[in-house]
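Below is one structure, written out as structure tokens; the observations come after it.
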Protein chains: 4
Amino acid sequence: MQPPKQPTGRPRETRVDAAIRDAVRELVPRVGYAGLTMDAIAATAGIGKAAIYRRHTSRGELVFSVLVHGRKAQPLPDTGTLTGDLTALANLILGIFSDPVTAAATPGLLADLQQQPDIAARFQETFIAEERAQITALLERAHQRGELPVPADPALVHAAVLGTAYAWLFLLAQPPTPALASRIAALAEAAARGD
Amino acid sequence: MQPPKQPTGRPRETRVDAAIRDAVRELVPRVGYAGLTMDAIAATAGIGKAAIYRRHTSRGELVFSVLVHGRKAQPLPDTGTLTGDLTALANLILGIFSDPVTAAATPGLLADLQQQPDIAARFQETFIAEERAQITALLERAHQRGELPVPADPALVHAAVLGTAYAWLFLLAQPPTPALASRIAALAEAAARGD
Amino acid sequence: MQPPKQPTGRPRETRVDAAIRDAVRELVPRVGYAGLTMDAIAATAGIGKAAIYRRHTSRGELVFSVLVHGRKAQPLPDTGTLTGDLTALANLILGIFSDPVTAAATPGLLADLQQQPDIAARFQETFIAEERAQITALLERAHQRGELPVPADPALVHAAVLGTAYAWLFLLAQPPTPALASRIAALAEAAARGD
Amino acid sequence: MQPPKQPTGRPRETRVDAAIRDAVRELVPRVGYAGLTMDAIAATAGIGKAAIYRRHTSRGELVFSVLVHGRKAQPLPDTGTLTGDLTALANLILGIFSDPVTAAATPGLLADLQQQPDIAARFQETFIAEERAQITALLERAHQRGELPVPADPALVHAAVLGTAYAWLFLLAQPPTPALASRIAALAEAAARGD
DNA sequence: CGGTAATCGAGACGGTACGTCTAGTCTTAAA
DNA sequence: TTTAAGACTAGACGTACCGTCTCGATTACCG
């Protein structure tokens, strides 16, 4: 473990980080992920491009950091039933995907992950791992309550909830219905029971 | 009914279409969707760029035409049971996603669909609509056999099968397991039963 | 000398040659020499590009043929005096350069000559050689009349008349004045006398 | 009087201007004006195309700037006689036209002037105006010495010297002879005397 | 309080792909 | 063999973007 390197020189301005974040959030819904350019971000934020590259290594890493890494973890409530917990999870995921900024950026972000292993790893370690921990916990609670006779596979439940929501919105391009979360929860519960 | 427009001038060469298709199939797994350039396609195919742009309006439309539209429809067998039919469907979808060319291109292609409504529409009308028809048919057969007391929602089954497979491979980045198809089929069956 | 090769098949249509010539003459003043494209010529003439290339080897050769080679030789009158003959010559050259089509095409044509030795040779053998013959003849007549004690150098007279007119119009970009021809004739006469 | 516009950002590098100039001078004699491409200039200069377009609006403007505008004015000596001054002028002009770079570029450059009024104006204001000033001065000196009873027309002398040299080299495609300069001077002197 | 060092906005830099355009060739069916 | 129509290869065009670098000015800490 290296010593925390005493910083010298002029300190970075928090204002710049905020301006970058705001500029990305403003631009992504308007021009899309593919139309997002570093020059436009810098111009919108009123900063220089060097200030961005001092904080982020590439455009993909920038968008990832702003949209995924910068997201505050949303805790899931313990509703007391497996169905309730899974419905809350499905609602949470649908909420994330329905946010205009996330919706516009997600497919492009996933495309970038294919080519950039380091960002893909961070995606797994943060967003995916956090969700997985929540799922593992709620399945464990259900197992302890006796709702699940055998321990469920968290990966399959994860894929079922996340994938069905993603496919509904981005592959089938259908608007979310009020009942969607509970229907996703139902099929995820079936996946958990393994029947 | 439009008149069959008498073609004049030199007809387009089938050889060029084939060369484009082969070049894309060769390049995509090697350089990825983002690294695919029109110049490289033209050079690899041994043709001029104008010949590509005469046939395709954009890189996204080109890859879509080659990989999605050019795909021959694969019929699903009637296995006689809902479980068997859904397992065959899951296997078919996993097979498509596991093809090296498709796997390398799919996330990038889906990202492009967000920005290009015309291609998105063609994606819905071809790939999605064909799959939907197959799903609708197999659910109808199951209903007639009495396996499904009430008619199932094809859209939810579709999202469940397609999305879970997609999430497993591209979001969770896990290798497919031998049991994956049958487990996807099981949760899709639960979605079909609506329980 | 090869036999005059008996032509077989469909004979070439004179109409096509005329259409090409008219199209070039129409387009050159409008779009300039640099803006002249083979497609535009073919479209304007209502013919196919192959019909042009069957008659001309390149764009430069086409414009040369139409504008220089296709020009009917204009005979100079024998005015009886050196001054009169040279003034007629200067008027002839100024007239050629003042024609809208020739004016728009000449600088571009000369630029092409630098790169295409075969066309440059034809330019020398036709336009330049014809003018040179006229100049040689009028100088010879003046010598015989006693106006020129010693034979003059036709090349210098040629350069003086042709060059001064060209420079006035295309290098100095000045409009021709009524007296210009006689003033050019005067300096050419000085060049002929060698004083 | 406009404010001296405070420059911000990274200043342009002199090195780039020099590299562009050198590349053009190297390429023009080798490939000709028509064969000169922006890509080749950028590659030869070892710079990006954007650096060229940041400085020059078109190929014509680039070559003009490098070859005409970048030329250092060559002063004419006061030889004390009209003949001597005109011979020096003719030698100067023949020298410019005989430079391999200028010779290869001049006809193409003049062709471009026909289509680009802004460059044509700069050509008049720099190259032509400088020469005209020199000619006006030497004619004035001759008038004051009594060599010219009436003031001569600088434009005609200009056209005579410049045009005869141009025609000799580029229209008649003849190699310059040792006596050429003095013969051009003689006919220009006749033009000055107006006889 | 003056020096050191990293920051800031601005924008030029090399490199590369884009989609368009042109030249000159070739291929069709019809004449 | 010609015709009109138009597809073909090859390659330059001028624009746009990425990620880096350079400028003068600014802002903290350290001695």
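Quick note on labels: first sequence line is chain A, next is B, and so on, each numbered from 1.
Side-chain N/O atoms of C:T126 and C:R71 include no donor and acceptor closer than 3.5 Å.
Each of D:T37 and C:A50 has a nearest nucleotide on DNA chain F; the 5'-most of these lies closest to C:A50. Positionally, the nearest nucleotide of DNA chain E for D:R12 lies more toward the 5' end than for the other of D:K49 and D:R12. The 5' end of DNA chain E is approached more closely, in terms of each residue's nearest nucleotide, by A:R55 than by the other of D:R54 and A:R55. Comparing B:T14 and A:A40, the nucleotide of DNA chain F nearest to each residue sits closer to the 5' end for B:T14.
Within the 4.0 angstrom heavy-atom criterion, no nucleotide atom of any strand lies near A:A42. If you check every strand for non-hydrogen atoms under 4.0 Å, C:R59 touches sugar and phosphate atoms only. No contact: C:T57 has no heavy atom under 4.0 Å from any strand. Among the protein residues, A:L36 comes within range of the sugar-phosphate backbone only, with heavy atoms under 4.0 Å from sugar or phosphate atoms but none that close to a base.
Rounding to whole angstrom units, CD1 of residue B:I52 and P of F:dG11 are separated by 15 Å.
Distance check, rounded to the nearest 0.5 Å: CG of B:L27 to OG1 of B:T37 gives 7.5 Å. Atom CG in C:L67 sits 7.5 Å away from atom OG1 in C:T106 (nearest 0.5 Å). Considering CD1 of C:I41 and CG of C:L62, their distance stands at 5.0 Å, rounded to 0.5 Å.
Counting only heavy atoms from C-beta on, C:V16 has its side chain closest to F:dT3 among F:dG19, F:dT3, E:dC13. The side chain of B:R15 sits closest to F:dT9 out of F:dT9, F:dA4, E:dG9.
An OP1 or OP2 oxygen of F:dC29 is reached within less than 4.0 angstrom by no side-chain nitrogen or oxygen of A:T8. Regarding contacts with the backbone of E:dG19, a side-chain N or O of B:Y53 is found under 4.0 angstrom from either OP1 or OP2. At E:dC8, none of the side-chain N or O atoms of A:R10 fall inside 4.0 Å of OP1 or OP2 (strictly under the cut-off).
Of the candidates D:H69, D:Q116, D:H56, D:E61 forms a side-chain hydrogen bond (donor to acceptor under 3.5 Å, both in side chains) with just one, namely D:H56.
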